[in-house]
Amino acid sequence: MEKTWLKQYPAGVPAEIDVKQYSSLVALLDESFRRHASAVAYKFMGKAIGFRQVDEASVAFAAWLQAQGLVKGDRVAVMMPNVPQYPVAVAGILRAGLVVVNVNPLYTPRELEHQLKDSGAKAIVVIENFASVLAQVMAAVPTKLVVIASMGDMLGFPKSLIVNYVVRSVKKMVPAFDLPGAVRFNDALSAGRGKSFKPAQVGPDDIAVLQYTGGTTGVSKGAVLLHRNLVANILQAEAWYQPALKKIPKGEQVVTICALPIYHIFGFNTNMMLAMRMGGANILIANPRDLPGVFKELQGEKFHSFPAVNTLFNAMANHPDFGSVDWSGLVISVGGGMAVQSATAKLWLEKTGCPIVEGYGLSETSPSASCNPVDSTAYSGNIGLPMPNTDMKLLDDDGNEVAQGERGEIAIKGPQVMAGYWQRPDETAKVMTPDGFFRSGDIGVVDERGYFKIVDRKKDMILVSGFNVYPNEVEDVVTQMPGILECAAVGIPDEKAGEAVKLVCVRKDPAVTEAQVRAYCEANLTGYKRPKVVEFRNDLPKTPVGKILRRELRDKA
């Protein structure tokens, strides 16, 4: 397909950019720390943390990791919400030549155990609120080095003491745990300051991040993101955002609301890394579900950029505290992770005067593959145009390109596409075409201008508030419950989350109750994977071969 979309690019956005400006993410970080040393990098709970502070702390952390005997290529897991220790840990891990393994802090022991075993992580940085989950799996995982962070670690005296006291003793948010030999985050930094740091020789083809994502099989796999993949996507996003960024008065620092979790690839690259490159500041939101807390955090702040998922845009726009925040500086609202709904987009535009521009991407594409022009004035319902240096086409089941106007699987080629799945050549082969396109599993159409739109999903994946839920994983967990014969998980429309999980069960033991099924799911599945609706039936619809017809259950739902 000819790149018709290039004619739709806004003025000033190039079709191709030089994605080789940096040899690695480390080179990008080093330059940013040098250039923006005196600027604010993060704001958290009212405290400003500068680039210089993040720079010095991350060098200390890198030196400490090296002193523990970790060598280039070793994996280090990071299991924290949006706290300033996250970027410090990530920069330290990368500078030491190690690989970041992003972990959802809300994982259950079962999910955490799989990820630590699969990645072979030798070390983990975990916030104490979730240390009890780690303690339950320590005996079964290869991870031996544990660093424990506390919410207030980087807030300075006396604020850090007050915040930690409230978190532990007043709100009781830290369940008891026993992790012998674990080191406190601030102690690791102190020890690291007394050690010499040896800058690692890191190149474009070295692995930077293992970003875990579900698979068609439901087993979570690590997308291998090389330094050059992430660098390319940072530079692509920066070029794409230019028409909006030009509206910011000269000399004003770009300030971004960071409510997307940084452990999710969208927040990792679009918030943390892009701001590093631009010398921007992030206002860190540790818990975006606590809306009164979010609005309190934003009061008195002037900000320009807000990447988020539809659920958050919708919840905020409908909240009574919305007017307590100054939205006048907002020039870019990027929606991703899940479909932006037209009602949300309309309300957001009415209330802020800044339209939501929808983008599209996956963990496998670091994440951005396409986006609507940031100078759009209205919601389009499309996922936009392929980013600079990116090619997209629609394929049929045999891998042939479909004719204009026909539906096909969206396939993506560009410098941001992953190197493959960690230690799974079989799974990699399923999604990569011989000519280097990644098959997304999303079914789309493209119009004559080159705008792509998603119309369906090839896989049975369910998308809950921007998080992938694979029916196989939910079914695999529930069928291990005594008294359940078989079950099927399907996605149903949900006003808040876009989609929700519906679980249809066939009982072996008629005494099994809905409450028991829910309790079992709570113990084994993180929140967004748990069923919103549980239904019991005498049997499930199946093909002649005996395969469960999820589509039939979905259509009935």
Side-chain angles (χ1 to χ4, degrees), residues 42-49 79-87 103-107 126-133 149-155 159-160 162-175 255-264 266-268 271-272 281-301 303 305-327 330 333 335 337-338 344 347-348 351-352 464-467 494-498 500 522 526-530 532:
Y42 296 95
K43 286 186 172 181
F44 181 65
M45 294 189 174
K47 163 102 175 157
I49 294 157
M79 186 175 177
M80 293 189 277
N82 292 358
V83 292
Q85 299 91 298
Y86 211 124
V103 180
N104 182 338
L106 300 175
Y107 268 171
V126 62
I127 198 150
E128 61 182 4
N129 307 45
F130 306 106
S132 64
V133 176
S150 309
M151 206 57 114
D153 277 344
M154 295 189 70
L155 296 176
K159 193 166 189 174
S160 61
I162 298 164
V163 167
N164 288 340
Y165 173 76
V166 170
V167 167
R168 293 170 190 160
S169 307
V170 180
K171 296 191 174 176
K172 305 222 177 322
M173 291 167 80
V174 183
V255 179
T256 303
I257 301 173
C258 184
L260 289 168
I262 314 176
Y263 60 79
H264 192 286
F266 189 14
F268 186 89
N271 278 96
M272 181 166 68
N282 271 294
I283 300 171
L284 294 175
I285 308 291
N287 179 14
R289 284 192 190 82
D290 168 20
L291 286 177
V294 174
F295 286 113
K296 196 173 153 205
E297 201 75 46
L298 298 181
Q299 271 158 25
E301 296 287 357
F303 47 82
S305 165
F306 187 19
V309 289
N310 183 81
T311 6
L312 185 58
F313 283 128
N314 189 38
M316 288 181 76
N318 282 294
H319 198 275
D321 292 347
F322 191 84
S324 66
V325 169
D326 173 12
W327 298 94
L330 190 64
S333 306
M338 64 185 289
T344 303
L347 184 61
W348 189 261
K351 290 199 148 187
T352 65
V464 181
S465 292
F467 287 96
D494 182 79
E495 211 169 281
K496 271 192 174 163
E522 200 161 311
T526 191
Y528 63 88
K529 297 179 188 174
R530 294 174 201 154
K532 190 171 183 182

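The first residue of the sequence shown is numbered 1, and numbering continues consecutively from there. Because only heavy atoms are used, hydrogens play no part in the values below, and waters and symmetry mates are left out as well, while side chains stay in.
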Practice item. Just do the side-chain contact (heavy atoms from CB on, under 4.5 Å) check on V294 and D290 with the steps written out, would you? Key: CA-CA 6 Å; V294 174; D290 168 20; 5.5 Å; no

Check your understanding: So, do V174 and F130 sit near enough that their side-chain heavy atoms are less than 4.5 Å apart?
Key -> no

Review point. Side chains of L291 and D321: does their closest heavy-atom pair fall under 4.5 Å?
Key: no

Review point. Just checking, K529 and F467: is the charged tip under 6.0 Å from the six-membered ring centre and within 45° of the axis?
Key: no

Practice item. Please tell me if the side chains of K351 and W327 come closer than 4.5 Å, counting only heavy atoms from C-beta onward. Key: no

Exercise for review: Indicate the atoms forming the closest heavy-atom contact of F303 with D326, along with that distance.
Suggested key: CZ-O, 3.6 Å

Exercise for review: Hey, could you give me the CG/CG distance between D153 and N164, rounded to the nearest 0.5 Å?
Suggested key: 6.5 Å

Point to revise | Between CE on residue M338 and OG1 on residue T311, distance to nearest 0.5 Å | key: 4.5 Å

**Study point:** Worked check of side-chain contact (heavy atoms from CB on, under 4.5 Å) between F313 and S333
**Key:** CA-CA 9 Å; F313 283 128; S333 306; 4.1 Å; yes

Check your understanding: When you measure from the side chain of Q85 to the backbone N and O of S150, does any donor-acceptor pair fall under 3.5 Å?
Key -> yes

Practice item. Could you pull out the closest heavy-atom pair between A286 and P81, with the gap in Å? Key: O-CB, 3.8 Å

Point to revise | Spacing of OG1 belonging to T344 relative to CG belonging to L312, to within rounding of 0.5 Å | key: 10.5 Å

Point to revise | Side chains of K171 and Y165 in contact at under 4.5 Å (non-hydrogen atoms) | key: no

Revision key, fill the gap. Here the gap from I257 atom CD1 to S305 atom OG, rounded to the nearest 0.5 Å, amounts to 8.0 Å

Point to revise | Residues Y107, V133; criterion side-chain contact (heavy atoms from CB on, under 4.5 Å); working and verdict | key: CA-CA 8 Å; Y107 268 171; V133 176; 5.7 Å; no

Study note, to complete from the structure: Closest heavy-atom pair, P288 versus A259, reported as atoms and distance to 0.1 Å, is CG-O, 3.5 Å

Practice item. Kindly indicate whether the side chain of P105, heavy atoms from C-beta on, has any atom under 4.5 Å from the side chain of M80. Key: no

Review point. Nearest heavy-atom pair of H264 and G466: which atoms, and what distance?
Key: NE2-O, 3.3 Å

Check your understanding: Got a second to check how far M154's CE is from K47's NZ, nearest 0.5 Å?
Key -> 8.5 Å

Check your understanding: For Q299, does the CD atom sit with more than 12 other heavy atoms under 6.0 Å from it, leaving out its own atoms?
Key -> yes

Review point. With a 6.0 Å cut-off on ring centres, are Y86 and Y263 close enough?
Key: no

Practice item. Please examine the side chains of R168 and E128, heavy atoms only from C-beta on, and report whether any two atoms are closer than 4.5 Å. Key: yes

Practice item. Could you check N271, T256, N82 and say which one makes a side chain to side chain donor-acceptor pair (under 3.5 Å) with N282? Key: N271

Check your understanding: Can you name the closest pair of heavy atoms from N104 and L106 and give their distance?
Key -> OD1-N, 2.8 Å

Review point. Does some side-chain heavy atom of L284 sit less than 4.5 Å from a side-chain heavy atom of P84?
Key: yes

Practice item. Please assess F306 against I283 for the test side-chain contact (heavy atoms from CB on, under 4.5 Å), listing each intermediate value before the final yes or no. Key: CA-CA 10 Å; F306 187 19; I283 300 171; over 6 Å; no

Exercise for review: Check the surroundings of atom NZ in K159: do more than 12 heavy atoms from other residues, nucleotides or ligands lie under 6.0 Å from it?
Suggested key: yes

Revision key, fill the gap. Here the pair of heavy atoms bringing W348 nearest to A317 is CE3-CB, 4.0 Å

Point to revise | Flag, side chain of K172 to backbone of S169, donor-acceptor distance under 3.5 Å | key: yes

Check your understanding: Are D494 and K532 close enough that some pair of their side-chain heavy atoms sits under 4.5 Å apart?
Key -> yes

**Study point:** Interatomic distance, S324 atom OG to K296 atom NZ [nearest 0.5 angstrom]
**Key:** 11.5 Å

